[in-house]
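Structure first, commentary second.
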Amino acid sequence: MDSKNSVQKDFIREIINKDLKTDKYDGRVHTRFPPEPNGSLHIGHAKSICLNFGIAQEYGGKCNLRFDDTNPAKEEKEYVKSIIEDVKWLGFDWEGRLFFASDYFNQMYDYAVQLTKAGKAFVDDLNAKEISEKRGTLTKPGINSPYRDRSAEENLDLLERMKAGEFADGEKVLRAKIDMAHPNLNMRDPVVYRVLHASHHNTGDKWCIYPMYDWAHGLEDSIERITHSLCTLEFENHRPLYDWFLIQIGVYRPQQIEFARLNLTFTVMSKRMLLELVEGKYVHGWDDPRLPTISGMRRRGYSPASIRNFCSRIGIAKVNSIVDFEFLEHCVRDDLNKTAPRFMGVLHPLKVVIENYPEGKVEEFEAVNNPEDSKAGTRKIPFSKELYIEREDFMEDPPKKFYRLTPGREVRFRYSYLVTCKEAIKKNGEVVELICNIDPETRGGYAPDGRKVKSTIHWVSAAYAIDADVRLYDRLFTVEDPAGQKDADFKDFLNPDSLQILKSCKVETSIKDLKPLDRFQFERLGYFCIDSDTTKDKIVINRTVTLRDTWAKLQKQQMNK
RNA sequence: AGCCCCGUAGUGUAGUGGUCAACAUAAGAGACUCUGGAUCUCUAGUCAUCAGUUCGAAUCUGAUCGGGGCUGCCA
């Protein structure tokens with residue numbers, strides 16, 4: 001994939017280069033991707049996955065897949081499965097190093113005992129509300145808990161009894177003893193263990209106390225001998241705690257480095273909001289193609305390569321930024337243009353009868369499967385008297401710069417003939433059928449006299465076309481930053497037209513040989529893929545993204561005039 | 001308000017004291033084309049501001065302004 005002397009040089013790789021030079025970690029590079037199994041992965045996670053696994057590949061290092069499953073109240077086995085599938089689909093390999101934070105619960109507890117024995121932790125009887133009240137504020141220091149000065153022996157006894165299940169949820173916590181006046185709130189005697197009588201997806205009912213993130217995460221990294229622990233910006237203020245714990249216990253200490261999470265226009269990226277959309281049925285599940293989830297994007301037709309490429313092209317930095325959704329679309333088009341086989345399909349069919357073409361005659365024309373890939377070969381497509389073309393490709397009274405079919409005008413029907421429209425048949429004012437003539441001399445689409453036509457349009461033979469449902473997707477929200485709207489619910493900005501279902505579209509016969517998730521291009525329309533709802537009797541197609549459409553842009557400009 | 005982080009074309013990144021500040025994308029103009037696709041040209045920046053150091057500053061220093069994060073027994 002990427003070479004070792006990669007030109008990429010973001011600030012993280014710079015740090016790694018320096019660490020390699022100074023031999024800080026004996027020349028090792030070992031990262032990890034640590035999702036919490038409490039939701040589906042999204043494109044923001046993909047950024048982290050590409051960063052962590054990408055760095056490991058570039059430096060000849062390793063990257064672990066580790067589930068940070070320290071909170072049984074929110075986590076589910078289902079998510080573990082889907083996350084594994086997503087990382088694999090994106091094209092990364094953890095080489096068997098699949099770990100769980102819960103694998104280390106015993107060791108984490110032993111370390112907590114060590115910390116307590118050293119007088120660096122205490123058991124607090126205060127409840128959550130009282131702890132919060134005594135924490136102080138951004139400007140005012142906190143107040144010590146009245147239980148802060150218990151003896152190490154008493155704390156140890158209490159901790160053991162917490163573990164043994166003698167206390168109810170919330171009755172007691174283990175807290176680190178740091179500094180209630182610390183300007184960094186995270187250092188004001190943070191909670192290390194809480195009592196939680198909940199069944200864990202991995203450890204079952206073995207535990208009734210569970211470690212907090214700040215305590216657990218550094219230990220997980222340390223145990224796995226991670227060199228560079230990459231996380232998002234909001235953990236910046238946690239780094240002093242991360243370091244503090246590991247220093248107190250006296251174990252191997254990785255370097256935590258924070259980078260900015262990914263934001264995309266016209267969508268939301270928070271797990272909470274995504275969950276709300278899924279559970280509130282605003283979308284059809286985690287893999288709804290309108291969602292920025294990996295599973296949604298997969299179903300929508302995004303290729304793993306396009307997502308990887310996007311992640312590498314947006315770069316890594318510490319500034320909060322919001323990437324244009326259009327850039328992601330550019331990356332899919334870029335990849336699919338090179339890889340997707342072409343077909344012809346008509347989304348809004350308009351019947352065309354070729355007046356001077358014999359009834360019952362069928363000719364086969366050779367079509368190029370992918371002009372960007374000569375190895376993709378060609379295929380035969382049937383031409384006959386009755387055809388369908390795109391309704392948009394005909395206008396009775398066209399504006400300037402409309403090059404397509406219009407009464408009296410000749411255009412090319414791709415790969416077949418030059419065709420002239422003779423008459424538009426109307427019913428109740430609506431054009432329902434076109435009567436056209438071909439020039440028999442232009443067989444194959446070339447005029448012997450060298451005359452040019454302004455446009456080439458796609459078509460399918462009425463007799464050979466098959467029907468399909470096509471699902472068109474638009475942006476999920478109507479505003480660039482739905483999550484950032486003041487005094488408003490992000491759901492108020494849901495786009496009511498984000499999904500449009502087209503019935504009885506007419507597509508090339510060969511589409512029926514495609515399997516779910518197969519990606520392809522309908523010429524002149526966009527990139528599509530077969531949806532998993534496809535059955536023997538019904539083909540369902542998703543539109544991944546339209547082609548760049550300069551005509552649509554022109555129309556928009558004219559409208560604005 | 002305390003602490004921490006960050007300000008380079010519309011957007012996302014590069015640039016780490018020395019030619020006209022680079023690349024991508026978007027936008028605009030044009031060329032080419034059997035996809036109005038792809039491809040190819042051209043067009044764009046008060047480097048947040050001010051002051052300093054220096055022969056020379058986007059880069060170093062200071063101040064100011066602006067943006068973000070932090071007060072879960074979430075991660």
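Side chains are part of it too, since the values below use all heavy atoms of this structure and drop only hydrogens, waters and symmetry mates. In the text below, chain A, chain B and the rest are named by the order of the sequence lines, each starting its count at 1.
Taking atom C1' on both nucleotides, B:U59 is separated from B:U25 by 26 Å, rounded to a whole Å. For B:U61 and B:U43, the P atoms lie 36 Å apart once the distance is rounded to whole Å. Rounded to a whole angstrom, the distance from the P atom of B:A21 to that of B:A31 is 30 Å. For the C1' atom pair drawn from B:A14 and B:A58, the interatomic distance equals 12 Å after rounding to whole Å. Going from the P atom of B:G10 to that of B:G28 covers 16 Å, rounded to whole Å. Using atom P as the reference point in both B:C42 and B:A1, the two lie 50 Å apart (nearest Å). Nucleotides B:G56 and B:U19 have their C1' atoms positioned 13 Å apart, rounded to a whole Å.
As judged by a 4.0 angstrom heavy-atom cut-off over every strand, A:Arg239 is placed among residues making no nucleic acid contact.
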Set out, in order, the CA-CA distance, both residues' side-chain angles and the distance that settles salt bridge (Lys or Arg N to Asp or Glu O under 4.0 Å) for A:Lys74 and A:Glu36, then state yes or no. CA-CA 9 Å; A:Lys74 289 186 177 179; A:Glu36 186 192 8; 5.7 Å; no
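With B:G15, B:C6, B:U25 as the candidates, the nucleotide lying closest to the side chain of A:Phe327 is B:U25. Closest to the side chain of A:Arg548, from the set B:A26, B:G36, B:U13, is B:A26.
For A:Tyr417 and A:Phe383, the ring centers are positioned less than 6.0 Å apart.
Between the side chain of A:Asp549 and the base of B:G37 there is no donor-acceptor pair of N/O atoms closer than 3.5 Å. Contact annotation: side chain of A:Gln521 to base of B:U35, donor-acceptor pair present below 3.5 Å. Taking 3.5 Å as the limit, the base of B:G36 and the side chain of A:Arg404 contain a donor-acceptor pair of atoms between them.
Annotation: of the two residues near RNA chain B, A:Phe11 and A:Asn337, the 5′-most nearest-nucleotide partner is A:Phe11. Position along RNA chain B of the nearest nucleotide to A:Lys454 versus A:His330 favours A:His330 as the more 5'-ward residue.
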Counting primed atoms, P, OP1 and OP2 as sugar-phosphate and everything else as base, the B/S/- map of nucleotides 67-75 of chain B against protein heavy atoms under 4.0 Å is -SBSBSBBB
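Stem regions annotated for RNA chain B: B:2-7 with B:65-70, B:10-13 with B:22-25, B:27-31 with B:39-43, B:48-52 with B:60-64, counting only runs of 3 or more consecutive pairs of Watson-Crick or G-U type with both contacts under 3.5 Å.
Scanning for salt bridge (Lys or Arg N to Asp or Glu O under 4.0 Å) contacts around A:Asp189 gives A:Arg148, with sequence neighbours left out. A:Phe235 pairs by the ring pair (Phe, Tyr, Trp, His ring centres under 6.0 Å) definition with A:Tyr213, A:His238, not counting sequence neighbours. Residues satisfying the ring pair (Phe, Tyr, Trp, His ring centres under 6.0 Å) criterion with A:His182, sequence neighbours excluded, are absent altogether. Under the ring pair (Phe, Tyr, Trp, His ring centres under 6.0 Å) criterion, A:His458 pairs with no residue at all, not counting sequence neighbours.
For the side-chain hydrogen bond (donor to acceptor under 3.5 Å, both in side chains) criterion with A:Asn369, the lone passing option out of A:Gln521, A:Arg379, A:Arg342 is A:Arg379.
Rounded to the nearest 0.5 angstrom, A:Ser82 OG and A:Lys77 NZ are separated by 14.0 Å.
A:Arg475 forms a cation-pi arrangement with A:Phe266, by the criterion of a distance under 6.0 Å to the ring centre and an angle within 45° of the ring axis.
Side-chain N/O atoms of A:Tyr242 and A:Asp221 include a donor and acceptor closer than 3.5 Å.
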